[in-house]
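All values below were derived from every heavy atom in this structure, side-chain atoms included, with hydrogens, water molecules and symmetry-related copies excluded. Each chain gets a letter, A, B and so on, in the order its sequence line appears, and its residues count up from 1.
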There are 2 protein chains.
Amino acid sequence: MTFHLDEFLPYRLSVAASQISRRFAARYAKEAGLTIPEWRVLAHLDHSGAVSVRDIHARVNLDKSMVSRAASRLEKAGFLRKSGHDTDRRLIVMELTPAGRDLMARLGQVATGFQAELLSELGEDAAALDRALRQLASRG
Amino acid sequence: MTFHLDEFLPYRLSVAASQISRRFAARYAKEAGLTIPEWRVLAHLDHSGAVSVRDIHARVNLDKSMVSRAASRLEKAGFLRKSGHDTDRRLIVMELTPAGRDLMARLGQVATGFQAELLSELGEDAAALDRALRQLASRG
DNA sequence: ACCATGTCATTGCGGATGCAACGATCATAA
DNA sequence: TTATGATCGTTGCATCCGCAATGACATGGT
């Protein structure tokens, strides 16, 4: 009846997550050397259009400071553009430049391909994993 | 056909993992303020008996340096004892003290309870999640 | 015995990360 | 209007983490 870390869900989840992140990072490293926060910001902006730091912070599970720093790096690299909000001057409005959308188009390909690969490895358990992740993520 | 981060497995896995880690950390914070590496070392030592840093490093998905530092903190806190190996003096043999086993007994309760809670939340998808995590973790 | 190579634990270091200020700006109510 | 409190993005800081280098020790071949 002794406790086994190998069978402990939080541990296994954490190991699997970092494993998969590594695999994916190896793929997109060939397209662009982005960090994970940069990748998330890029991906979110691509389909959200022009939004604020706070928006991304709330939807992408990144601290405000992470979003801010990642955005600054992406700006310096020419992938995104910041501008002020028309009526609320506290807000920063960010959107991708053409170069940013271009990069995301290529990374989206890589990501979609990788996802397909994972799903085929998972086989018939994929649907259950989907439900399980949704359930686990729902409890704040 | 635009890419959606919300449906991307590596992202969702990462979010779920940190979510669950937070929930669990909140539980065991009441028993002892351990970091995750410390918790992993403690848990592993509890059922492995006396082993070396390298042993833990290999089995618990922690960098050697992490294991080393976590072990030092646990030693200072009185939960583990280091000693030299009889014949190979490069090796450090680590094992829990009675206080360490005592702490682990309590934390094991917490962990087991938390695991049961998670499994009941997952319902019938638990078995598939188990297989999926095993599959995802297997590809180095 | 001697040397080259390999393994072990620790330590330094750079970068990443989360949290808590901070200054600037807005919203609300008296 | 003014004052109070909330919200926004940025920055400082302390910590955490991974990688590489280090020094101590062991092993195998000659």
Side-chain angles (χ1 to χ4, degrees), chain A residues 11 14-15 17-23 25-26 29 33-42 44-45 48 50-77 80-95 140, chain B residues 11 14-15 17-19 21-23 25-26 29 33-41 44-45 48 50-77 80-95 140:
Chain A
Y11 169 68
S14 158
V15 170
S18 53
Q19 203 95 347
I20 297 301
S21 279
R22 273 179 201 287
R23 280 178 65 185
L34 296 183
T35 67
I36 288 183
E38 285 160 10
W39 150 254
R40 288 191 189 174
V41 169
L42 188 76
H44 182 70
L45 278 178
S48 74
V51 294
S52 69
V53 169
R54 182 185 161 288
D55 262 305
I56 300 183
H57 157 62
R59 298 194 114 284
V60 158
N61 213 256
L62 283 179
D63 189 78
K64 283 188 307 176
S65 58
M66 285 289 103
V67 176
S68 175
R69 290 192 247 255
S72 294
R73 290 192 295 265
L74 289 174
E75 183 186 30
K76 187 177 298 180
L80 86 77
R81 178 177 52 241
K82 296 182 185 178
S83 53
H85 191 277
D86 289 343
T87 68
D88 189 338
R89 293 196 312 201
R90 293 172 303 180
L91 301 180
I92 296 274
V93 178
M94 303 183 301
E95 55 185 338
Chain B
Y11 168 69
S14 158
V15 170
S18 53
Q19 204 96 346
S21 279
R22 273 180 200 287
R23 278 177 67 183
L34 296 184
T35 67
I36 287 183
E38 286 161 9
W39 150 254
R40 289 191 188 174
V41 168
H44 183 71
L45 279 178
S48 74
V51 294
S52 69
V53 169
R54 182 185 163 290
D55 262 305
I56 300 183
H57 156 62
R59 299 193 115 286
V60 160
N61 213 257
L62 283 178
D63 189 78
K64 284 188 305 177
S65 58
M66 284 290 102
V67 176
S68 176
R69 290 191 246 255
S72 294
R73 289 192 295 265
L74 289 174
E75 183 186 30
K76 187 177 298 180
L80 85 77
R81 180 175 51 239
K82 297 181 185 179
S83 52
H85 191 276
D86 288 345
T87 69
D88 188 338
R89 293 197 311 202
R90 292 171 304 178
L91 301 181
I92 296 276
V93 177
M94 302 184 301
E95 56 185 336

Value in whole Å for how far the C1' atom of D:dC8 lies from CG of A:D63: 13 Å
Distance, nearest 0.5 Å, that separates OG of A:S72 from NZ of A:K82: 3.0 Å
What integer distance in Å separates A:E75:CD from D:dG9:P? 14 Å
Walking DNA chain C from its 5' end, the first of B:K64 and B:R69 to be reached, judged by nearest nucleotide, is B:K64
Cut-off 3.5 Å, no hydrogens considered: what does the side-chain donor-acceptor table look like for residues 58-65 of chain B, sequence neighbours left out?
from, atom 1, to, atom 2, distance (Å)
B:D63, OD2, B:S65, N, 3.0
B:D63, OD2, B:S65, OG, 2.5

What closest approach, in Å, do B:A71 and B:M94 show between heavy atoms, and which atom pair accounts for it? CB-SD, 3.6 Å
Is the distance from OP1 or OP2 of D:dT10 to the nearest side-chain N or O of A:S68 less than 4.0 Å? yes
Side chain of A:R54 (C-beta onward), nearest among D:dT7, C:dT25, D:dG18: D:dT7
Are side-chain heavy atoms of B:T35 and B:R73 found at a separation under 4.5 Å? yes
Shortest side-chain distance from A:R22, nucleotide among D:dC25, D:dC19, D:dT7: D:dC19
Expressed in angstrom and rounded to an integer, what is the separation of A:R89 atom CZ from D:dA6 atom P? 22 Å
Select one nucleotide: of D:dT10, D:dT11, C:dA9, the one nearest the side-chain heavy atoms of A:S65. D:dT11
Can you measure A:D88 atom CG to D:dT7 atom P for me and round it to whole angstrom units? 12 Å
Base, sugar-phosphate, or nothing: which does B:S52 touch, judged by heavy atoms less than 4.0 Å apart? sugar-phosphate
Does B:R90 have a side-chain nitrogen or oxygen under 4.0 Å from the phosphate oxygens OP1 or OP2 of C:dT7? no
Protein-nucleotide distance (A:D86, atom CG; C:dT25, atom C1'), rounded to Å: 15 Å
Would you kindly say whether B:S14 and A:R40 are connected by a side-chain donor-acceptor distance under 3.5 Å? yes
To the nearest Å, give me how far apart CG (A:L62) and C1' (D:dG9) are. 15 Å
Which residue lies toward the 5' end of DNA chain C, A:T87 or A:T35, if each is placed at its nearest nucleotide? A:T35
Separation of D:dC8 P from A:I56 CD1 (nearest whole Å): 14 Å
Whole-Å distance between D:dC8 P and A:H85 NE2? 11 Å
From the set D:dC19, C:dT17, D:dT10, return the single nucleotide nearest to any side-chain atom of A:P37. C:dT17
